[in-house]
Amino acid sequence: MKSQSNSMEKDGWLQKRTGVLRTWKKRWVVVTPESLFWTDEPFNTSNPEKTVPLMLVENVEAIEMKKGKSCFAVEAEGSELVFEAENDAERDDWVSAIEHNVAIVKQPSEEEVKRAKKEAKRRAKELKARQQAEEEETKRKEAERLMRSNPSKAAALLPGEEAPLDEAERRHAEKLRLKQEKDAAKAKEKAEREAAKVKEKEEKEASKAREKLEREAAKQREKEEREFAKAQEKEAKAAAKAQAKAEKAASKHSSVSHRADNDDGVATSTPASGTADLEARLREAGLDDPALLEHHMANKGRKLAEGVDVQAQLADDVHKGQKAAVTKSGLGGGAQVCAACGKKAYAAESVFALDTVWHKACFRCSYCKGQLSEKTYRVFQGLQYCRPHYRAVRIANKVAG
């Protein structure tokens, strides 16, 4: 990593010479730790006219132009940028700032320094080996030269043979050996201490990581427990609310009274309080249509007034419809008869529901007359309904008793 803690930043107005016409224009110039750029206004630094990375700057120097001009040039990317300051002192400040930042940007990184040191060691080792080889070669040549005149001295200089040592030389060799052993022991102890420090550091980091994971797991557990408690509390509130609503509906249902008063047969009468309660229930269900109450009570009251069991009448009507359909269609062959309009209903234009055949256009809700299909209709007391009015009629029937 390249350190920029000692970098210099400078900005100010300078005259800049254009590259083509060689004219001078006033520009706001800024020097940062990484680049040199200029704009036409000080507040427009986010959109500079040009930016020159300091890594590409080759040279910065003061130059002489016309008399009285304090100019300096910046060489970068094969071109020369010329600026003019108000005086020589300001020019020198600009040159110093740019040179200082360029030197910091171009200084080698830690990795480059390590590579350079490694390369220097390798070269020193090669140089030492080459020097030793040259020394041995020199000794060999010297021994060959002296072989003819003094064989004993030449034998002492031959490679692979040791010349006899005196007492002083032996003591010196012994001291050197002891020193080498001591240095080797110190180096080994140092390496062991460093290895122990590294191991201790790794253990501390692993312990910190485990503690961090345990804290995060504990926080997650606490969060899940809080969410579970909130969910249970919410479910309990919803259950209590539903129970209260059911109790309220039951109390309202118990307040509805029924009376039978008819000399000829059976008839039902819903009091004004029961009707109001039914309307309130329909409004709670989102079906506040007053005609829905009239439809339900008229349908049920008519059949009860006639003394006919509703379910038995439904079964009889269905049986009659099936018999008429089979009779008119020739025992199921060819076209059948629509249960609503009594006209022929062919297979391509009919639906089968309530154990009989209907034209698609004739198969409608008994209340709102909206068109139904085989998938959307519902049946209640022998009549077909759309889904909303099926639900409403059921509620009305339950409230009205």
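This one's a predicted model, so the numbers in the text were calculated from it and none came from an experiment. Sequence positions, counted from 1, serve as the residue numbers for this chain.
Residue pairs meeting the salt bridge (Lys or Arg N to Asp or Glu O under 4.0 Å) criterion with at least one partner in residues 217-239, sequence neighbours excluded, are Glu233-Lys237. Among residues at least two apart or in separate chains, there is no salt bridge (Lys or Arg N to Asp or Glu O under 4.0 Å) pair with a member in residues 362-384.
Using cut-offs of 30° and 60° for the angle between ring planes, the Tyr390 and Phe380 rings count as perpendicular. Ring geometry for Phe72 against Phe83 counts as parallel: the plane angle stays under 30°, on a 0 to 90° scale with 60° as the upper cut.
Rounding to the nearest 0.5 angstrom, the gap separating the CD atom in Glu34 from the CG atom in Asn101 is 8.5 Å.
In plain terms, the two heavy atoms of Leu372 and Gln384 that are nearest each other are CD1-CG, 3.7 Å. In terms of heavy-atom proximity, Ile63 sits nearest to Ala73 at CD1-CB, 3.9 Å.
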*Working for salt bridge (charged side-chain N to carboxylate O under 4.0 Å, His left out), residues Asp88 and Arg91*: CA-CA 5 Å; Asp88 292 348; Arg91 177 197 62 192; 3.7 Å; yes
*Could you walk me through whether Lys204 and Glu200 pass salt bridge (charged side-chain N to carboxylate O under 4.0 Å, His left out), step by step?*
CA-CA 6 Å; Lys204 287 182 179 180; Glu200 184 179 359; 3.8 Å; yes
*Take Thr51 and Ser35 through the side chain to side chain donor-acceptor pair (under 3.5 Å) test and state the conclusion after the steps.*
CA-CA 7 Å; Thr51 302; Ser35 62; 5.7 Å; no
_Residues Glu137, Arg140; criterion salt bridge (charged side-chain N to carboxylate O under 4.0 Å, His left out); working and verdict_ = CA-CA 5 Å; Glu137 184 67 20; Arg140 188 179 292 106; 2.9 Å; yes
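Here the options are Gln15, Lys69, Lys26, the test is side-chain hydrogen bond (donor to acceptor under 3.5 Å, both in side chains), and the partner is Glu84; only Lys69 passes.
When ring centroids are compared, Tyr377 and Phe363 come within the 6.0 Å threshold. When ring centroids are compared, Trp38 and Trp28 stay outside the 6.0 Å threshold.
Using modelled atom types and a 3.5 Å distance limit, the side chains of Asn87 and Ser70 yield no donor-acceptor pair.
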